[in-house]
J.: 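One structure coming up, written as structure tokens, with questions to follow.
Remember, predicted model here, so these are calculated numbers, not experimental data. Letters A, B, ... mirror the listed sequences (proteins, then strands); counts begin at 1. Both backbone and side-chain heavy atoms feed into the values below; hydrogens, waters and symmetry mates do not.
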Protein chains: 4
Amino acid sequence: MAALTMRQKEIIEASVHLIAEGGIQQLTIKNLSRAIGISEPALYRHFHSKQAILRGLLGFFADESRTVFERVTGSDRPAREKLQAILIAHFEQFAKYPPLSAVLFSEEIFQNDGVLAQKVLEIMDTGQSYLLKIVLQGVTAGEFRDDLPAEHLVAVIMGALRLMVTKWRLSKYGFDLRREGATLWNSLGVLVSSIGAAGDRG
Amino acid sequence: MAALTMRQKEIIEASVHLIAEGGIQQLTIKNLSRAIGISEPALYRHFHSKQAILRGLLGFFADESRTVFERVTGSDRPAREKLQAILIAHFEQFAKYPPLSAVLFSEEIFQNDGVLAQKVLEIMDTGQSYLLKIVLQGVTAGEFRDDLPAEHLVAVIMGALRLMVTKWRLSKYGFDLRREGATLWNSLGVLVSSIGAAGDRG
Amino acid sequence: MAALTMRQKEIIEASVHLIAEGGIQQLTIKNLSRAIGISEPALYRHFHSKQAILRGLLGFFADESRTVFERVTGSDRPAREKLQAILIAHFEQFAKYPPLSAVLFSEEIFQNDGVLAQKVLEIMDTGQSYLLKIVLQGVTAGEFRDDLPAEHLVAVIMGALRLMVTKWRLSKYGFDLRREGATLWNSLGVLVSSIGAAGDRG
Amino acid sequence: MAALTMRQKEIIEASVHLIAEGGIQQLTIKNLSRAIGISEPALYRHFHSKQAILRGLLGFFADESRTVFERVTGSDRPAREKLQAILIAHFEQFAKYPPLSAVLFSEEIFQNDGVLAQKVLEIMDTGQSYLLKIVLQGVTAGEFRDDLPAEHLVAVIMGALRLMVTKWRLSKYGFDLRREGATLWNSLGVLVSSIGAAGDRG
DNA sequence: CATGAATGAGAATTCATTCAT
DNA sequence: AATGAATGAATTCTCATTCAT
């Protein structure tokens, strides 16, 4: 897990772009080397196999993802604010770097390879448990409804986020993800809110 | 869109299995022919290219999907019952034929190829508009909450469904999708319900 | 161990030629396909890997070698005649098909690969035990000297045979192997003979 | 033929080890540099090409071999003693440094390259002519039998030596070469001895 | 309807070697 | 004396596809 060199970051970025453009099948050593402007063998100085590149890629985004969650979770704001911050941060991240959307929610890509599939699963699980922690905090604090399993609230949030990002990507980034994301958050906020939940006759 | 022959169905089924086992990269003519027990050239009697196989595959499932929706939507039951029927039907379908889950929500697989990507998008859109119709019916009938955009309710339902199926697949079908799906529906039903929604002070 | 097809025999023969010309390093799929006049992928119809080709090659010669030994050993001539027949048959075989000499006594070639190294060892061992059987027969019959371990007589015979063939090959087949082999046999025959051996004062 | 530097000797030794472990195909610049613990380009400071390394290697062993023969031949002991000394010295040398056995009798390794093949042939020829000189001395002195061509006696000795060493290597040094070598010498000594040879009716 | 044989294009990777530092 | 980065050529092997039978 050594820190990545410049070239390694460059290779990972190019890989993400290639995947975003044409799926994992476009990610060939040839395409990659062409994209970076070096020869094919030169790639092997920086990653000793193609699998290593993908491992590096997933590791990098796992770290990034964790960082986002950590930053938000660490504070002691109300759960609702945390949740909002996380969703907005994600939409922001994808909007800034669209190709990322082709990799992060595309578990199928790595199905081929046990090691990679495991890494993908970890990323997904990590996100889920961060969300769960926040939701539980919100439920405990009375911010969020407690008439439904917290896991289902998480599933609804994650599912809606993932679906919107996927649709955005399939539309070739054809709508304003930040804006649509913000309005989606509004609805999600209402849905999970304790106000008006069954049993709430405040 | 001629009806599929037996052999064609067999090929499509084998294709789905291969994709489910090891991703799209396992779907090679060689693997396919071996799985079916015929020679490689023989495949070309039934589909004139690999792309045609995938087109057939997607077409087949598009039809199946439409059929499910059509059956449910056509009736004049309350929206809530229709929604439930649709979700249950989907979970049922996947539980009966797990490999399907590797194909139906895996848009990335077909990113490679414009024609196929288009087909995938259509399937997704179709499902979405059926759901939207039902949700709108529910809102109009006062069954479903009207304080949120119907599109967002649809996004929440679809997103949660897709997420659960994806997790099921990634867990290698490691939990009882039918049961988990049913409890998920309970929560979704509550979430979309008008009872207790903001503004509902009935 | 299925019988070899025509093409397979052709491939094996071409392999032997390539090895004879420039060592194992010349045996590349490219050179091989060029030598035969087909494309590189076409080779894979007939052997599913390069290793399989070498396995086929060794298996083929193991069979041939066994056949020669079997033919001679089976008869009930005196040991001396059998020994002569075997040596002559070997020189004959190499003279007829010189490239064989580059493969049969070149254990180093296959050192790379455990499976192949094993096969080579078997061939060598087989030859040795056939020779040993004959020598023992000769000793018992009083034809061959019994003042030395039979194993050493075998070593002397095999060693001299191998050395002569190796020199012939390194000289680029620059002398008449049949003739030189015949005279070598004369000497070997005398060496192993019981007449004049220590203890023989007949 | 400048004397070798320390590094050069180190490189040659590492080369021999690599060849012994996995054949000539294991001798790559990468493996070599890794074995020594320097970078690949660094090798080129010491030998300007891979071929030069192999030339150095063969040159080194040619010198060593000549030294052994020279030491023994120079003395004026009886031929039998000289012969024994040479064989024992060889077995000793291999036993002390087993990887050598993978290189010295493995002409095939260098078949690839004209220059190297020539060097190998020289080493072989040198050994042979030293042996021949001794044998002729022995024949003249009446120590060795004169009823067979001296060349054949040499072939028998060299052949048996080479065969035993080869078998020792293929058995992964699985027997005591020194001891087996000594008993082999006993037999060879008897075989070449004039006592009991045809015509000897002492 | 099916196959055995074949192929051009391209896959990942390794080779010996060079060069600027 | 040594290295990190790079490369052209070659390696084994797989891909989707075609064609004569």
J.: Looking at C/S65 and C/A62, would you say the former's side chain and the latter's main chain have a donor-acceptor pair under 3.5 Å?
T.: no
J.: Taking the side chain as everything from C-beta on, heavy atoms only, tell me whether A/R169 gets closer than 4.5 Å to A/T166.
T.: yes
J.: What's the shortest heavy-atom distance between B/I53 and B/S15, and which atoms?
T.: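 Here B/I53 and B/S15 meet closest at CG2-OG, 3.5 Å.
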J.: Could you check which residues of residues 110-118 of chain C get a heavy atom under 4.0 Å from DNA chain E? Sort them by number, please.
T.: none
J.: Give the dot-bracket string for DNA chain F, reading 5' to 3', where a pair is Watson-Crick or G-U wobble with both distances under 3.5 Å, ( ) marks pairs inside the strand, [ ] marks pairs crossing earlier ones, | marks a partner on another strand, and . marks unpaired.
T.: .||||||||||||||||||||
J.: Quick check: do D/E108 and C/F105 have side-chain heavy atoms less than 4.5 Å from each other?
T.: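 In short, these two side chains do not touch, never coming nearer than 4.5 Å.
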J.: Is the side chain of D/S106 donor-acceptor paired with the backbone N or O of D/A102 at a distance under 3.5 Å, no angle test?
T.: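 Looks like yes, one N/O pair under 3.5 Å.
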J.: How would you give the extent of chain B contacts on DNA chain E, as first and last nucleotide 5' to 3' within a 4.0 Å heavy-atom cut-off?
T.: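 First-to-last contact on DNA chain E, by the 4.0 Å heavy-atom rule, is E/dC1 to E/dA5.
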J.: Give me the atom names and distance for the closest heavy-atom approach of A/Y173 to A/S101.
T.: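 So the minimum-distance heavy-atom pair works out to CE2-OG, 3.7 Å.
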J.: Are the side chain of C/E107 and the backbone N or O of C/V120 linked by a donor-acceptor pair below 3.5 Å?
T.: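 No: the side chain of C/E107 does not pair with the backbone of C/V120.
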J.: Would you call A/E122 and A/K119 a salt bridge, using N to O less than 4.0 angstrom?
T.: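 Salt bridge absent between A/E122 and A/K119.
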J.: Nearest heavy-atom pair of C/N31 and C/Q26: which atoms, and what distance?
T.: ND2-O, 2.8 Å
J.: Among residues 13-33 of chain B, which ones have heavy-atom contacts with DNA chain F below 4.0 Å?
T.: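 Heavy-atom contacts with DNA chain F come from B/L27, B/T28, B/I29.
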J.: Quick one: which protein N/O atoms are closer than 3.5 Å to N/O atoms of nucleotides 1-3 of chain F? Pair and distance per line, please.
T.:
{"unit_1": "F/dA2", "atom_1": "OP1", "unit_2": "D/R7", "atom_2": "NH2", "d": "3.1"}
{"unit_1": "F/dA2", "atom_1": "OP2", "unit_2": "D/H46", "atom_2": "NE2", "d": "3.0"}
{"unit_1": "F/dA2", "atom_1": "N7", "unit_2": "D/R45", "atom_2": "NE", "d": "3.3"}
{"unit_1": "F/dA2", "atom_1": "N6", "unit_2": "D/R45", "atom_2": "NH2", "d": "3.2"}
{"unit_1": "F/dT3", "atom_1": "OP2", "unit_2": "D/S39", "atom_2": "N", "d": "2.6"}
{"unit_1": "F/dT3", "atom_1": "OP2", "unit_2": "D/S39", "atom_2": "OG", "d": "2.9"}

J.: Minimum heavy-atom separation for C/I123 to C/L58, with atom names?
T.: CD1-O, 3.7 Å
J.: Which residue in the set B/V103, B/D113, B/L27 passes side chain to side chain contact (heavy atoms under 4.5 Å, CB included) when paired with B/L54?
T.: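 Looking at B/V103, B/D113, B/L27, the match for B/L54 under the side chain to side chain contact (heavy atoms under 4.5 Å, CB included) is B/L27.
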J.: Using side-chain contact (heavy atoms from CB on, under 4.5 Å), reason through B/Q51 and B/R55 one step at a time and then give a plain yes or no.
T.: CA-CA 6 Å; B/Q51 214 225 31; B/R55 267 202 315 265; 2.3 Å; yes
J.: Run the side-chain donor-acceptor check on residues 35-47 of chain A: report pairs under 3.5 Å with partners two or more places apart or on a different chain.
T.:
{"unit_1": "A/S39", "atom_1": "OG", "unit_2": "A/A42", "atom_2": "N", "d": "3.4"}

J.: Taking all heavy atoms of B/M124 and all of A/L170, pick out the closest pair and write down the distance.
T.: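 Smallest heavy-atom distance, with atoms named: SD-CD1, 3.8 Å.
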J.: If every non-hydrogen atom of A/Q8 is compared with every non-hydrogen atom of A/T5, which pair is closest and at what distance?
T.: OE1-N, 2.9 Å
